Amino acid sequence: MADKAELLVICGPTATGKTALSVALAQRLNGEIVCADSMQIYRGLSVGTAKVTPAEMQGVSHHLVDFLPPETRFSVAEYAELAKKCIADITARGKLPIVVGGTGLYLQSIVKGIDFSQQETNFSLRNQLQERLSKEGVKPLWDELRAADPACAAAIHPNNRVRVLRALELYLQTGKTKAQQLSESLPAERPYRDVLVGLDCAAREALYSRIDARVEEMLARGLLAEARLVFDNRARYVTAAQAIGYKELFPYFEGAAPLASCVAALKQASRNYAKRQLTWFRHMEGMHWFLSGAEDTEDAVVKLFIETCGERKAHGKTLSY
RNA sequence: GGUGCUGUAGCCAAGUGGUAAGGCAGAGGUCUGCAAAACCUCUAUGCGCCAGUUCAAAUCUGGCCAGCACCU
């Protein structure tokens, strides 16, 4: 416990300036960046996912960005494993790992140190359940789950097909209740001496107008061409095709809706997403909130980091504020 | 000036005498293997305004106001 590695985490809803802040902090704290974003992992999907550009990186190393072909299936389990190795590696080189992203599930897996290694995905079982789901509906599956693991079923709304399916799948595969699974995968304490930084705007309206503006910016940077590519490959880009920024434009490519209304839908979807992200981050234990875009945010984060982890030479130079 | 139509939440909208559907937006939330996904909860003491009829009016009657359309 005494020598837990330090970890700086930067999160917040879309369009709050995570990228710029994280690069600045990496330069100041001698850090490297580990991306925690479920869509920026994919190669080629750059404009729509607001991926860091090479110019924005300013020489700072970035990991787990732009490294997977868009047709690859991916999951938190794989992410957690990769991120863990990546963080360990950065730490071993005497640098500070800075995890940056907006995917709550991914962030949580790192911060809590969840161990997903127990079992492989059983695709045949999943497909089998999927078939039952489409034939019988959710209810029978939910009832089955309730009979097997009442506590787990109680926590999942019967309408939530995705979660009911997964919970039942996991039970049938392992024969263990959710509680048992949780206790086996969740360490007693957090693995890192983490400093959690959340970015948000002072007012929700301000956040929303920033998001709208950024969508326009994406359009100007060639979002349409990128979306077209995703549209043309939508059958193969299983996960990537559900990214916000592309699927909203599909009706336009299909000739079913004018571009303007698709853009409006895209902005709307982004705003809704930002709200969901906020819900997640607000409830992460130990979160420190800072104002998006404020000039003193960078200094304030450095100060917080030093206060939490101490002024030391750990990252190649004496940190001072 | 006349005639007609319309007026229900921020937006769309159902409701023709029995105590305000639904959708979107908005707010809050759930979260351990597709998560930028999936799902849940909440949100009109009030139907343009005023008066009247009635046990009961968003619904019927009259007047007024506003918008739209057409006519002169």
Side-chain angles (χ1 to χ4, degrees), chain A residues 13-15 35-42 45 48-51 68 70-82 101-123 125-127 130 133 138 142 152 154-171 173-174 176-187 203-205 207-208 211-212 214-215 218 227 230 236-248 261 264-284:
Chain A
T14 3
C35 176
D37 188 295
S38 66
M39 296 298 164
Q40 290 180 7
I41 56 175
Y42 292 115
L45 312 188
T49 64
K51 195 182 289 170
L68 275 180
E71 58 267 19
T72 314
R73 279 171 176 273
F74 199 65
S75 71
V76 216
E78 291 159 277
Y79 175 77
E81 197 183 334
L82 290 174
T103 303
L105 185 70
Y106 287 13
L107 253 8
Q108 182 199 50
S109 73
I110 296 176
V111 172
K112 289 189 174 177
I114 298 171
D115 176 18
F116 292 93
S117 65
Q118 307 93 342
Q119 53 277 289
E120 301 282 299
T121 306
N122 184 337
F123 285 104
L125 176 60
R126 181 174 297 183
N127 290 338
Q130 194 81 55
L133 187 71
V138 225
W142 190 78
C152 177
I156 301 175
H157 190 100
N159 283 359
N160 200 333
R161 314 170 132 252
V162 176
R163 296 239 183 109
V164 170
L165 181 87
R166 163 99 276 243
L168 187 59
E169 174 191 329
L170 214 47
Y171 175 78
Q173 192 181 159
T174 64
K176 293 172 185 169
T177 65
K178 185 75 176 208
Q180 286 174 293
Q181 293 163 30
L182 245 61
S183 73
E184 286 171 21
S185 61
L186 196 64
R204 189 62 61 87
E205 292 159 6
L207 207 214
Y208 287 172
I211 289 171
D212 289 351
R214 194 164 71 166
V215 169
M218 286 176 176
V230 175
R236 297 189 302 128
Y237 293 5
V238 187
T239 305
Q242 33 174 264
I244 292 170
Y246 309 117
K247 62 175 185 288
E248 293 77 15
S261 73
L266 166 48
K267 288 175 179 172
Q268 185 59 253
S270 302
R271 282 183 248 126
N272 292 158
Y273 173 51
K275 186 180 174 298
R276 269 176 275 134
Q277 287 179 298
L278 238 16
T279 303
W280 201 305
F281 304 140
R282 268 199 296 250
H283 296 277
M284 283 182 91

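Just so you know, these numbers come straight off a predicted model, no measurement behind them. First the proteins, then the strands, lettered A, B, ... as listed; each starts at 1.
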To the nearest angstrom, how far is [X] atom [atom1] from [N] atom [atom2]?
{"X": "A:Glu248", "N": "B:A37", "atom1": "CD", "atom2": "C1'", "answer": "12 Å"}
{"X": "A:Ile41", "N": "B:A37", "atom1": "CD1", "atom2": "C1'", "answer": "13 Å"}
{"X": "A:Tyr208", "N": "B:G10", "atom1": "OH", "atom2": "C1'", "answer": "14 Å"}

Quick one: stems for RNA chain B, with Watson-Crick or G-U pairs under 3.5 Å, at least three in a row?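 Counting only runs of 3 or more consecutive pairs, the stems involving RNA chain B are B:1-7 with B:65-71, B:10-12 with B:22-24, B:26-30 with B:38-42, B:48-52 with B:60-64.
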Pairing residues for A:Tyr106 by the ring pair (Phe, Tyr, Trp, His ring centres under 6.0 Å) criterion, not counting sequence neighbours: A:Tyr79
Not counting sequence neighbours, which residues clear side chain to side chain contact (heavy atoms under 4.5 Å, CB included) with A:Asn122? List them please. A:Ser124, A:Leu125, A:Gln173
5' to 3', nucleotides 29-36 of chain B under a 4.0 Å protein heavy-atom cut-off (B base, S sugar-phosphate only, - none) gives BBBBBBBB
Please check the phosphate of B:C39 (OP1 and OP2 only) for any side-chain N or O of A:Asn159 closer than 4.0 Å. no
Counting only side-chain N and O atoms of A:Arg204, is one of them less than 4.0 Å from OP1 or OP2 of B:G28? yes
From A:Gln181 CD over to A:Tyr171 OH, what is the distance, rounded to the nearest 0.5 angstrom? 10.0 Å
Roughly how far, to the nearest 0.5 Å, is the CD1 atom of A:Ile41 from the OG1 atom of A:Thr239?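 If we round to the nearest 0.5 Å, A:Thr239:OG1 and A:Ile41:CD1 are 7.5 Å apart.
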Strictly by salt bridge (Lys or Arg N to Asp or Glu O under 4.0 Å), give each pair with a member in residues 159-169 of chain A just once, sequence neighbours left out.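 For residues 159-169 of chain A, and leaving out neighbouring residues, the salt bridge (Lys or Arg N to Asp or Glu O under 4.0 Å) pairs sorted by first residue read A:Arg126-A:Glu169, A:Arg166-A:Glu169.
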What pairs of residues pass the salt bridge (Lys or Arg N to Asp or Glu O under 4.0 Å) test when at least one of them lies in residues 177-186 of chain A, not counting sequence neighbours?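 Qualifying pairs: A:Lys176-A:Glu184.
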Nearest heavy-atom contact between A:Ser270 and A:Ile211 is CB-CG2, 3.4 Å
Where A:Gln40 and A:Asp37 come nearest, the two heavy atoms and their spacing: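 That would be N-OD1, 2.9 Å.
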